[in-house]
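To keep things clear, I will list the structure first and then write my remarks on it.
Excluded from the calculations below are hydrogen atoms, water molecules and symmetry mates; all remaining heavy atoms, backbone and side chain alike, are included. Fair warning: this is a prediction, and the values are worked out from it, not measured in the lab.
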Amino acid sequence: MPHWYVDNVLNIVTFLPLFGALALLLVHKEKKALVMHAATWIALADFLLSAPLFFLYDADRGGFQFEQRVSWIPSIGVQYYIGIDGISLLLLLLTTFLGFLSILSSWTAVTERVKEYYFFMLILQTGMLGVFISLDFFLFYIFWEAMLVPMYFLIGIWGGPRKLYAAIKFFLYTLLGSVLMLLGILAVYFFYPKVTGGGYSFDITEFIRVLGPLTQPEWLEMQKWVFLAFFIGFAIKVPMFPFHTWLPDAHVEAPTAGSVVLASVLLKMGTYGFLRFSLPLLPRASIDPLIVQILAGLSIVAIIYGALVSLMQQDWKKLVAYSSVSHLGFCTLGIFSLNPNGLAGSVLQQINHGISTGMLFLIVGV
């Protein structure tokens, strides 16, 4: 592969949809066919550019690869730091693949405000990809929040009869989780210099390396509170029982492509957060018997409850939505089984669920 591609592949894949969305703004809104074709080709190019990553990633070496680190806001320790490991690689490929299918499936489904629709779809793609490649907490949080806005508009403008209710409910739930997650990030950010005696940093890999093994009593006590803040943020996104009530409304009212992206990718950000942050950064809290019992219990309730409620649904979208609650219960149960097979199985089930549920929503919608 060309060196320029290998060195910049994550930047290209992440920001191509963003620049494509900005280019769509230059097209007249009446040229609907041009907008649809352009958006589809952009999404297809993004998937094709990301596909070689599967073969370029060195699984034997493991760890983070394709890293790029550039100082961004040095006064507060913020860097533009990106990279992927095996987990984020699979989720990145899932995102680009389903992003293309979602846009392709919208050709006949969306006939009003076509230009704005594809603009938001491409912006959403960049936000989702950014979450999976970020290795700086500040950068991660920007992508995490940026992704909410286009999803809100996709549900609120192109959704069903109760679209505003569903959009506002989705936004408020997720925003609440995001604020609590931000408090957890800031707690770690301000504690880090106390340990190192150096400056402030948002470097996720450095946090895991320095704070992960730390046994200082103050840190062990703080871990539980930070874990709780992260837990609520990620549990709402998964969504774990009992934080799941926004999901059926959002799925039922969202346009078909919105449901596909929501189920296949957005829900995985919660499980990804547990794997990327909670377990390696807060190991003592993650293995606390009471916490593990509670999270395993909630996962089992979600598996059974989601399946039983699915059986009673007369709306296809609600049926698939509640089945997602059940499926993601298996993913969180695998994570908090705290063994290699459970973790690997959780990641595998996340990818399985992303493909199968995305296809189910396409069947229902198309």
Side-chain angles (χ1 to χ4, degrees), residues 12-47 49 95-131 142-175 178 237 246-247 249-267 269 317 321 358 361-362 364-366:
I12 295 169
V13 169
T14 303
F15 292 105
L16 176 62
L18 173 62
F19 288 116
L22 296 175
L24 287 184
L25 295 178
L26 304 176
V27 180
H28 195 277
K29 64 180 181 181
E30 296 302 323
K31 296 182 178 179
K32 295 181 180 179
L34 177 59
V35 170
M36 290 191 296
H37 282 89
T40 306
W41 280 110
I42 290 164
L44 176 59
D46 204 40
F47 170 61
L49 286 167
T95 305
T96 56
F97 174 59
L98 287 165
F100 164 63
L101 289 185
S102 299
I103 287 177
L104 188 63
S105 71
S106 304
W107 277 32
T108 54
V110 176
T111 55
E112 299 296 324
R113 298 188 179 182
V114 172
K115 179 174 152 181
E116 293 91 334
Y117 174 84
Y118 288 103
F119 171 80
F120 284 126
M121 284 294 290
L122 291 171
I123 294 288
L124 179 63
Q125 182 88 339
T126 290
M128 295 186 299
L129 291 168
V131 166
I142 286 177
F143 280 120
W144 181 278
E145 290 297 298
M147 173 206 64
L148 295 184
V149 179
M151 196 69 220
Y152 170 81
F153 283 115
L154 286 168
I155 298 172
I157 296 174
W158 293 275
R162 299 172 71 242
K163 57 190 177 186
L164 286 179
Y165 169 77
I168 292 170
K169 190 174 182 181
F170 160 76
F171 193 83
L172 291 179
Y173 260 79
T174 316
L175 192 64
S178 300
K237 186 69 82 177
W246 64 269
L247 183 68
D249 291 309
H251 271 318
V252 169
E253 302 304 324
T256 297
S259 292
V260 172
V261 172
L262 189 62
S264 300
V265 183
L266 262 69
L267 305 189
M269 291 179 182
K317 277 191 163 185
F361 275 118
L362 283 176
V364 173
V366 175

Between Met128 and Val261, is any pair of side-chain heavy atoms under 4.5 Å apart? yes
Non-hydrogen atoms of Pro161 and Glu253 that approach each other most closely: N-OE1, 3.2 Å
Is any side-chain heavy atom of Ser106 closer than 4.5 Å to one of Tyr118? yes
Would Leu267 and Lys237 count as a side-chain contact (heavy atoms from CB on, under 4.5 Å) here? Give the steps. CA-CA 6 Å; Leu267 305 189; Lys237 186 69 82 177; 5.9 Å; no
Enter the distance from Phe19:CZ to Leu24:CG here, rounded to the nearest 0.5 Å. 13.5 Å
State, with a plain yes or no, whether a side-chain heavy atom of Leu44 is found less than 4.5 Å away from one of Trp41. yes
Could you pull out the closest heavy-atom pair between Gly99 and Gln125, with the gap in Å? CA-OE1, 3.5 Å
Approximate separation, where rounding is to 0.5 Å, of Leu362 CG and Leu104 CG: 9.0 Å
For a 4.5 angstrom cut-off between non-hydrogen side-chain atoms, does Arg113 reach Ile157? yes
I'd like to check the side-chain hydrogen bond (donor to acceptor under 3.5 Å, both in side chains) partners of Thr174; sequence neighbours left out, ordered by chain and number. none
Is the shortest heavy-atom distance from the side chain of Leu148 to the side chain of Phe170 under 4.5 Å? yes
Do the ring planes of Phe153 and Phe120 sit parallel (below 30°), tilted (30 to 60°) or perpendicular (above 60°)? parallel
Test item: Ile103 and Leu122 side chains (from C-beta on) under 4.5 Å apart, heavy atoms: yes
Close side-chain approach of Trp158 and Glu116, heavy atoms under 4.5 Å: yes
Any salt bridge (Lys or Arg N to Asp or Glu O under 4.0 Å) involving residues 160-175? Give me the pairs, sequence neighbours left out, ordered by first then second residue. Arg162-Asp249, Lys169-Asp249
When every non-hydrogen atom of Ala21 is compared with those of Phe119, the smallest separation belongs to O-CD1, 3.3 Å
Using every non-hydrogen atom in the two residues, find where Val13 and Pro17 come nearest and quote the distance to one decimal. O-CD, 3.3 Å
Report the residues that fulfil ring-ring contact (aromatic ring centres under 6.0 Å, His included) with Phe97, sequence neighbours left out, ordered by chain and then residue number. Phe47
Which atom names give the shortest non-hydrogen contact between Leu124 and Met151, and what distance separates them? CD2-SD, 3.8 Å
Leu101 CG to Thr96 OG1 distance, which is reported to the nearest 0.5 Å: 10.0 Å
Can you name the closest pair of heavy atoms from Met121 and Leu154 and give their distance? SD-CD1, 3.6 Å
Taking Thr14's backbone N and O only, do any of them form a donor-acceptor pair with Thr126's side chain (distance below 3.5 Å, no angle check)? yes
Is there a side-chain contact between Phe100 and Asp46 in this structure, where contact means two heavy atoms from C-beta onward sitting under 4.5 Å apart? no
So, does Lys317 use its side chain to make a donor-acceptor pair with the main chain of Phe361 at under 3.5 Å? no
Please round to the nearest 0.5 Å and tell me the distance separating atom CG of Leu262 and atom CH2 of Trp246. 5.0 Å
What distance do Ile155 atom CD1 and Ser259 atom OG have between them, rounded to the nearest 0.5 Å? 8.0 Å
